[in-house]
**Q** 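Questions regarding the structure given below will be posed in turn.
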Number of protein chains: 2
Amino acid sequence: MAAAETSKLHMQADRPASRRKIAGILAAARAEFFTNGFSATSIEAIAARAEVSKVTVYTWFKDKENLFAEVVQAECAEMRENFVVENLADKNLGDILQIAAQGMLEFLMREEMVRFERILAAEVNRDPKIGEFFLDHGPRTLLGDLTNLLELAVDKGEIVTADVRGSAEMFAGLVMGRMDLFLRYGAKIRLSAQEREQRARRAVDAWMLIHQHNDM
Amino acid sequence: MAAAETSKLHMQADRPASRRKIAGILAAARAEFFTNGFSATSIEAIAARAEVSKVTVYTWFKDKENLFAEVVQAECAEMRENFVVENLADKNLGDILQIAAQGMLEFLMREEMVRFERILAAEVNRDPKIGEFFLDHGPRTLLGDLTNLLELAVDKGEIVTADVRGSAEMFAGLVMGRMDLFLRYGAKIRLSAQEREQRARRAVDAWMLIHQHNDM
DNA sequence: TTTTAATTGTACGGTATCGTACAATTTGTT
DNA sequence: AACAAATTGTACGATACCGTACAATTAAAA
C-alpha cells in the first residue's frame, strides 16, 4: 500500500494491447473482489472474467494481495475524482452545503460504493494499511475539504462553532443518518433525486440552525 | 437464518460437559470468524482454539455456514441485552437522550463491536439473510425504541417534528457522526467516559435545538 | 523481416480446506 | 455395573487454490 506502482514495472514495452489487458484484469478483479471478498476470490476467476490466462495476471501483478491493493487504489482515485466538496465562492454557505449534501447522498448510496465498503472493512484485519489508505483518500480528505469550507464561513461570520472539525462531522452525520449502515447490510433504500434533495435540505436546515446560535 | 436451532437438535442427552463444549466452540468460532472473516476461517482452527476435535464441531453444528449463522445470532442476542433505550418515565427527555447517547457511544465503539461490523457486512453478498437478521435485531430495533420514545415526547409537546423516525435517525447521526466509519477502517479513536459525555451532550443539545423549533 | 515481448494452455508441487468414515476411548446416565 | 452418548485421532476423498515452469504461439516493434 505504499507507492502506487501501477503493476510490476514491466512496462518497458508499453503496448496498447497490454494496457487494455491490464485494465481488463483490474476491472475483473474489482468485480470479483467486491462481490466475494478477498479470500473467496480466486485469481483464476479473475482471469476468466477478464478473458485472459492466469499467467498473464501474474505477468502484470505480483500476487493476489498486490492485485487487491491496486484495485483499492484505483477505486480511491476514482472516488477523489467523482466527489469533491466544491468551494463556490459566489454562493452562500447554505447553497454550497445543499449541493455537497446531495452529492454525498448520491455518491455514497450507489450500489457500487456500498459493495466497496462492504468488502473493504473486512480486510482491515488482514492488512490495516489498506484501511489507513482508504481513510486518507476518502473520508479524511472529504471531511478536510468540508472543514476548510466551514472555516471560511466562520471567518466571514456566517456561522458560529467552537469546533469546526466536529461541526463538519456533524454535518455528515446529519445528512447520512444511519443510511449507510442500513445499506451496507442490504436494506433496499432508493432515493430519487427529489428525495435526496429533500433529505439534504432537512439536514442543511438543521445544521444551519445549530450553527447560528452562539450557545453551542 | 430461520428458526434458531441452537445446534443440530441432538440435544437429547444434554450433558453439561457437552454444553460446555458447545459454548466453547461458539466462543472460538466467534473469535476466529470476527478476526479472519468467513472464508479465511477454517473449522480446524476453530476446533483447535476450542480445544476440541474437528469431529465434535461437526457433531453439534451442521456446517461452516450454519456455525457462522449461529455465532451471528448469539452476538445479536447479546446486543439486545446490552443496549436498550430505556424509557425512564420520571426523567425529562434531555436526560434520557443523554443517557442513550452515551450508551450508544460506549456500545458501538467497543473493539468487539467494531470487529463484528467489519466482518458481518462482507458476508451480506454471500448470504443476504444474515444482513436482514442483523438489521432486525440491531439497528432497526434500537431505532424503533428511540422512535417510540420520541413519539411520547411529541405527544407531551416536548418536541416538534413532522417525521419522528427521521428525527430518531438524525439523533443517531448526530451522536456518531462518522466515527463508526473511521473505527471500522482502523482509526484509533478512544474516548474516555468524560469525552463520551461531552460528545453526547453536544449531540443532544444540537438535536434538542433543532426539535424545539416548529419550522422543521 | 527479424527480433523481442507478450500471451496462452497445460501441467505441476505444495498446501489447504471441507465434510465424512471408522474404530477406539472416554464420559455420563440409569 | 451396564449401557448409550459423546469425544477423539487419524485417515480419506474430493476439491480448490496459489504461484511457477515450460514450451508453443501470437502480436507488436525495430
**Q** Between P on C/dG19 and CG on B/D63, what's the gap in Å once rounded to a whole number?
**A** 5 Å

**Q** Between A/N36 (CG) and D/dA16 (P), how many Å, whole number?
**A** 14 Å

**Q** With a 4.0 Å cut-off, would you call A/E78 and A/R30 a salt bridge?
**A** yes

**Q** Rounding to an integer number of Å, can you tell me how far B/W60 CH2 sits from D/dT7 C1'?
**A** 10 Å

**Q** Let me know the distance between CZ of A/F61 and P of C/dT7, rounded to the nearest Å.
**A** 11 Å

**Q** Picking from D/dT7, C/dG19, D/dC17, which would you name as closest to the side chain of B/K64?
**A** C/dG19

**Q** How many whole angstroms separate atom CZ of B/R20 from atom P of D/dA5?
**A** 20 Å

**Q** Are A/R199 and B/E169 close enough for a salt bridge, meaning some N to O gap below 4.0 Å?
**A** yes

**Q** So what does B/S39 hit on the nucleic acid, given a heavy-atom distance under 4.0 Å: a base, only sugar-phosphate, or nothing?
**A** nothing

**Q** Find the distance A/R19:CZ to C/dT7:P and express it as a whole number of Å.
**A** 12 Å

**Q** For the residue pair A/T56 and A/T59, confirm or rule out a side-chain donor-acceptor distance under 3.5 Å.
**A** no

**Q** Assign the ring pair A/F116 / A/F134 to parallel, tilted or perpendicular, where the plane angle (0 to 90°) is split at 30° and 60°.
**A** perpendicular

**Q** A/L149 and side chain to side chain contact (heavy atoms under 4.5 Å, CB included): which single residue from A/D145, A/T147, A/L146 fits?
**A** A/L146

**Q** Can you tell whether the side chains of B/R178 and A/D180 come within less than 4.0 Å, N to carboxylate O?
**A** yes

**Q** From the set D/dT7, D/dC18, C/dC18, return the single nucleotide nearest to any side-chain atom of A/Y58.
**A** D/dC18

**Q** Could you go over nucleotides 8-11 of chain C and give all protein N or O partners under 3.5 Å, atom names and distances?
**A**
{"residue": "C/dT8", "atom": "OP1", "partner": "A/K21", "partner atom": "NZ", "Å": "3.0"}
{"residue": "C/dT8", "atom": "OP2", "partner": "A/S53", "partner atom": "N", "Å": "3.0"}
{"residue": "C/dT8", "atom": "OP2", "partner": "A/T56", "partner atom": "OG1", "Å": "2.5"}

**Q** For B/I22 and D/dT7, give me the distance from atom CD1 to atom P, rounded to whole Å.
**A** 7 Å

**Q** How long is the line joining CD of B/E65 and P of C/dC18, in whole Å?
**A** 12 Å

**Q** B/E111: what forms a salt bridge (Lys or Arg N to Asp or Glu O under 4.0 Å) with it, not counting sequence neighbours?
**A** B/R115

